[in-house]
Amino acid sequence: MSFLQLFILLSPDTYLYIGWGALALLSLLFALIWRRSHRRWLRLTLLVVLLLCWHIFLWGTFVGFRQVEVVHIEYASRDLPEAFDGYRIVQFSDAHVGTYTGSRRSILQTVVDSINAQHADLVVFTGDIQNKEASEIVVCQDILKGIKARDGVISVLGNHDYPIYVDTTGMDEYERYLCLGRTVEAQRDMGWKVLMNGHLDIVRDSSHIVIAGMENDGAGDRSPQKGDINATLRGVSRDEFVVMLEHDPYSWRNKILPHCHAQLTLSGHTHAGQITLLGLTPAAFKFKDIHGLYRVGDRALYVSKGVGGVIPIRFGATGEIVVIHLKCKR
């Protein structure tokens, strides 16, 4: 097992212990420099940096990670049937329910209560329900199955929902398939519809819209490229209104925009870096579309900050539930 794999296998609380240890060492280093250096500017600079690090860690762990905001956006399209004018889709993403242990369990209940308070027509989940394995979902099923919407809950898989974050040494392809199957089945047991390169219709009167869901399609070894546009939209005509669910926003510019007509795509994955300071986030080094609404002509992508994370800390990147109001563009 590589060092990277070992690091990924750590528990959420272990990451916090590492944080405490790193800050303790940083504080010790600061004390040594303070005693040896007589340069006032250096002392003050280091003091500010140290206090800022402690503030980010403490606030992000005990306050920021527990906050959830509700964000409202509007998307208008000439292709939307009139029967769906005002249709409300609630998106949440990146739950990482394996992190909701101990006192953090109440955060997940807050997320569910906030979703239900929006009285959505449809709830969509855009991937990463677990950290590593399906047993994490089973423990939280009693809370998650409380999500209610007129047209139910539809979900897609994120990179963490595939058996790539567990030690698969000695596993054959069939055993890996069973791991994935347990993750999918745990969601279906809650009444969720899991789309894996497929779609379904939502009907109102004599009209319908298409909700399509691709499997994770990202870049890099830890983001499986499983998306299949042709399979996902097989039988869908170009005059139909399509909401595409795809966990990794990388796929929007690289596969969805050039190869299909989906008007609105909903993604997650980035967590907006989980830490944002003065508009700067570590996610900017990896992702082009980090958070929020992006447009290319009349087509749009919304990247959610998600609600959780493997590492339980958020600073300046509050977890969010997104309410999308669909409108007919005249």
Side-chain angles (χ1 to χ4, degrees), residues 4 6-37 40-71 92-114 128 130-132 136 139-140 143 160 165 268-287 290-292 303-321:
L4 178 60
L6 180 63
F7 185 75
I8 290 172
L9 288 173
L10 297 178
S11 71
D13 285 327
T14 301
Y15 290 115
L16 294 184
Y17 297 146
I18 292 173
W20 283 109
L23 285 172
L25 289 175
L26 186 62
S27 300
L28 178 60
L29 179 62
F30 169 76
L32 292 173
I33 295 175
W34 184 276
R35 292 185 61 184
R36 292 176 178 272
S37 176
R40 186 176 180 183
W41 66 269
L42 179 60
R43 286 182 166 189
L44 290 176
T45 300
L46 291 176
L47 178 61
V48 169
V49 170
L50 180 65
L51 292 176
L52 180 61
C53 289
W54 274 107
H55 175 63
I56 291 174
F57 181 76
L58 294 175
W59 196 95
T61 300
F62 295 106
V63 181
F65 192 74
R66 297 176 178 275
Q67 294 183 326
V68 179
E69 63 181 346
V70 178
V71 177
F92 74 116
S93 190
D94 299 271
H96 293 278
V97 297
T99 303
Y100 298 120
T101 57
S103 63
R104 290 189 295 268
R105 186 73 180 274
S106 63
I107 304 172
L108 187 58
Q109 185 64 60
T110 298
V111 169
V112 171
D113 291 343
S114 297
D128 276 4
Q130 65 191 31
N131 288 342
K132 296 180 291 188
E136 302 165 15
V139 174
C140 297
I143 296 177
H160 278 263
Y165 290 90
H269 186 56
T270 69
H271 301 202
Q274 289 191 219
I275 295 177
T276 299
L277 184 64
L278 300 177
L280 302 175
T281 171
F285 294 100
K286 186 176 181 180
F287 303 107
I290 301 171
H291 162 249
V303 183
S304 170
K305 290 185 288 188
V307 295
V310 176
I311 303 175
I313 182 172
R314 281 184 179 264
F315 184 92
T318 305
E320 69 177 15
I321 293 160

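Numbering starts at 1 and runs along the sequence shown. Everything numeric in this text was worked out from a predicted model, so none of it was measured.
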P312 versus H96: any side-chain heavy-atom pair under 4.5 Å? no
Considering only heavy atoms from C-beta outward, does the side chain of R105 approach that of I143 to under 4.5 Å? yes
Nearest-0.5 Å distance, CG of residue L25 to CH2 of residue W20: 14.0 Å
Is a donor on one side and an acceptor on the other found under 3.5 Å between the side chain of T270 and the backbone of I290? yes
Which atom names give the shortest non-hydrogen contact between V303 and H291, and what distance separates them? O-CD2, 3.3 Å
For V71, the side-chain contact (heavy atoms from CB on, under 4.5 Å) test, sequence neighbours excluded, returns E69, I73, Y302, E320
For T99, all residues meeting side-chain hydrogen bond (donor to acceptor under 3.5 Å, both in side chains), sequence neighbours excluded: N131
Give me the atom names and distance for the closest heavy-atom approach of R314 to K305. NH2-O, 2.8 Å
Would you find a donor on one side and an acceptor on the other, under 3.5 Å apart, between the side chain of D128 and the backbone of H160? yes
With a 3.5 Å distance limit and no angle check, can you tell me whether Q67 reaches the backbone of G319 through a side-chain donor-acceptor pair? no
Determine whether a donor-acceptor pair (N or O, by modelled atom type, separation under 3.5 Å) exists between the side chain of D94 and the backbone of H269. yes
Table please: side-chain donor-acceptor pairs of residues 45-57 below 3.5 Å, with sequence neighbours left out.
residue: T45; atom: OG1; partner: W41; partner atom: O; Å: 2.7
residue: W54; atom: NE1; partner: S27; partner atom: OG; Å: 3.0

Taking only residues two or more places apart in sequence, or in another chain, which ones meet D13 in a side-chain contact (heavy atoms from CB on, under 4.5 Å)? S11, L16, Y17, T101, R104
List the residues meeting salt bridge (Lys or Arg N to Asp or Glu O under 4.0 Å) with R43, not counting sequence neighbours, and say none if there are none. none
Any side-chain heavy-atom pair from V111 and I321 closer than 4.5 angstrom? yes
Can you give me every donor-acceptor pair (side chain of residues 273-281, partner residue at least two apart or in another chain, under 3.5 Å) with its distance?
residue: Q274; atom: OE1; partner: H271; partner atom: ND1; Å: 2.7
residue: Q274; atom: NE2; partner: I311; partner atom: O; Å: 2.9
residue: Q274; atom: NE2; partner: I313; partner atom: O; Å: 2.6
residue: T276; atom: OG1; partner: A272; partner atom: O; Å: 3.4
residue: T281; atom: OG1; partner: A272; partner atom: O; Å: 3.1
residue: T281; atom: OG1; partner: I275; partner atom: O; Å: 3.3
residue: T281; atom: OG1; partner: A283; partner atom: N; Å: 3.2

